[in-house]
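Inspection log for the structure reproduced underneath, given as structure tokens.
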Amino acid sequence: MKFAKITAAALAATLAMPVLAQETKVIGVSIPAATHGWAGGMNFHAQQAVDRLEKVYPELDFVLATASDPAKQVNDIEDMLATRNISALVVLPFESEPLTSPVKAVADSGAWVTVVDRGLAIPGIEDLYVAGDNPGFGKVSGEYMVSAMPDGGDIVVFRGIPTTIDNERVEGFESAIDGSGINVLAMEHGNWNRDDSFTVMQDFLSKYDKIDAVWASDDDMAIGVLAAIEQSGRDDIKFVLGGAGMKEMVAKVRDGDPMIPADVTYPPSMIATAIEMTAVGMTSTAPVSGTFTIGSVLITADNAADFYYEDSPF
């Protein structure tokens, strides 16, 4: 009888354990809408990650929201905190400054915060930061420009949306070309957008009679730049360097297009890395806090085949 009582108690404890383990935690995922190619790829990978992880972790519930502007993203995050009682937030800020306060409110509530790609205006709010190597992205881009223009020359530069990562990229680029003889005629925001970059490039073409090359710093912007150059009929621009690894641009590198001789990686699938690491943090004792950096690689004709993914949306 005594043996039976011990067995029953042990069995009761054992049966209780899965109940505790299955307590549902909600992870909010807030990202920009697919306003350009890279963001489209990021949305694709975010949805894939959520669909897969919901099957792997039945104790987790995911709320995925996309926003077409900073105000909508702020509202999404405030709603997640107020109505869904999120235990964690994975956020890729549309812009750094307006998202800092609402994300800090999430952190102040005790929820875990993972920031992806575009840092917040105040450092240290997040528990985990996942991003590409933005200073490295600028450095690799600048080093390529120097190697491709050994005698120097005049270039124009396209910045992205005003964010900390844009600042880091530009600083890395400027450092790499310092003392090389490359002269930056002008630097304007193309907002990682084809149409905006098309308009900005038209303005550059009207202002400057001679432009040797363009650092577009993003493949979507590079597409807008190429369209403006083609429409103008100008033949002084030797090449355009974008970045992010859009498969259309990688194909141009692979096929020897002289206007797109190289590209620099910045994978949109980093959002999936961030969601997965957050899920691990919510379901285990594995340490995941800190910074996870994904390096940038120069894509040339020699290795372009390794970076071309036929089924990718980007």
Return the minimal non-hydrogen interatomic distance between [X] and [Y], and the atom names on each side.
| X | Y | result |
| --- | --- | --- |
| Thr100 | Ser96 | OG1-O, 2.8 Å |
| Thr163 | Glu95 | CG2-CA, 4.2 Å |
| Pro268 | His45 | C-CD2, 4.2 Å |
| Val200 | His189 | CG2-O, 3.8 Å |
| Ala186 | Tyr208 | CB-OH, 3.5 Å |
| Ala121 | Glu97 | CB-OE1, 3.3 Å |

Counting C-beta onward and ignoring hydrogens, is there a side-chain heavy-atom pair between [X] and [Y] closer than 4.5 Å?
| X | Y | result |
| --- | --- | --- |
| Met249 | Val253 | no |
| Val103 | Ile77 | yes |
| Tyr57 | Lys25 | no |
| Asp154 | Asp212 | yes |
| Leu89 | Ser30 | yes |
| Met42 | Pro32 | yes |
| Val91 | Glu126 | no |
| Trp192 | Asp220 | no |

Is a side-chain donor-acceptor pair under 3.5 Å present for [Y] with [X]?
| X | Y | result |
| --- | --- | --- |
| Thr24 | Glu59 | no |
| Asn167 | Arg159 | yes |
| Asp218 | Tyr266 | no |

Rounded to the nearest 0.5 Å, what separation is found between the [atom1] atom of [X] and the [atom2] atom of [Y]?
| X | Y | atom1 | atom2 | result |
| --- | --- | --- | --- | --- |
| Leu53 | Glu276 | CG | CD | 5.0 Å |
| Phe137 | Ile165 | CZ | CD1 | 9.0 Å |
| Leu226 | Phe239 | CG | CZ | 12.0 Å |
| Asn134 | Ser296 | CG | OG | 7.0 Å |
| Glu230 | Ile237 | CD | CD1 | 12.0 Å |
| Met149 | Ile182 | CE | CD1 | 5.0 Å |

Whether [X] side chain and [Y] backbone form a donor-acceptor pair below 3.5 Å:
| X | Y | result |
| --- | --- | --- |
| Ser232 | Ile229 | yes |
| Thr199 | Asp195 | yes |
| Ser217 | Phe158 | yes |
| Thr164 | Gly119 | yes |
| Asn43 | Ala39 | yes |
| Asp127 | Ser289 | no |
| Thr265 | Val297 | yes |
| Asp117 | Ala131 | no |
| Ser197 | Asn193 | yes |
| Gln73 | Phe94 | yes |

For a side-chain contact (heavy atoms from CB on, under 4.5 Å) check, start with the C-alpha distance between Val63 and Val29, then their side-chain angles and the critical distance, and finish with the verdict. CA-CA 6 Å; Val63 181; Val29 180; over 6 Å; no

Take Met187 and Val156 through the test side-chain contact (heavy atoms from CB on, under 4.5 Å) and record every step on the way to the result. CA-CA 6 Å; Met187 186 181 296; Val156 291; over 6 Å; no

List the residues meeting side-chain contact (heavy atoms from CB on, under 4.5 Å) with Thr83, not counting sequence neighbours, and say none if there are none. Asp79

Membership question, hydrophobic clusters at under 4.5 Å side-chain separation (ILVMFWY): are Phe198 and Ile161 in the same one? no

Find out if a path of hydrophobic residues (ILVMFWY) with successive side-chain heavy-atom gaps under 4.5 Å connects Phe44 to Ile31.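 No: no chain of side-chain contacts under 4.5 Å links Phe44 to Ile31.
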
Step by step, work out the side-chain contact (heavy atoms from CB on, under 4.5 Å) result for Tyr309 and Lys247. CA-CA 7 Å; Tyr309 306 106; Lys247 68 180 184 181; 5.9 Å; no

Crowding at [atom1], [X] (>12 non-hydrogen neighbours, <6.0 Å):
| X | atom1 | value |
| --- | --- | --- |
| Lys72 | NZ | yes |
| Asp209 | CG | no |
| Asn183 | CG | yes |

NZ/NE/NH1/NH2 to OD/OE distance under 4.0 Å, [X] and [Y]:
| X | Y | answer |
| --- | --- | --- |
| Lys55 | Asp51 | no |
| Asp263 | Lys252 | no |
| Lys210 | Asp236 | no |

Applying salt bridge (Lys or Arg N to Asp or Glu O under 4.0 Å) to Asp133 and Lys139, what does each step give before you reach the verdict? CA-CA 10 Å; Asp133 181 4; Lys139 181 174 182 287; over 6 Å; no

Intermediate values then yes/no, side-chain contact (heavy atoms from CB on, under 4.5 Å), Glu248 and Asp219: CA-CA 9 Å; Glu248 177 181 349; Asp219 287 333; over 6 Å; no

Check: residues 279-288 side-chain donor-acceptor pairs under 3.5 Å, at least two apart:
residue	atom	partner	partner atom	Å
Thr283	OG1	Ala279	O	2.8
Ser284	OG	Val280	O	2.8
Ser284	OG	Ala286	N	3.1

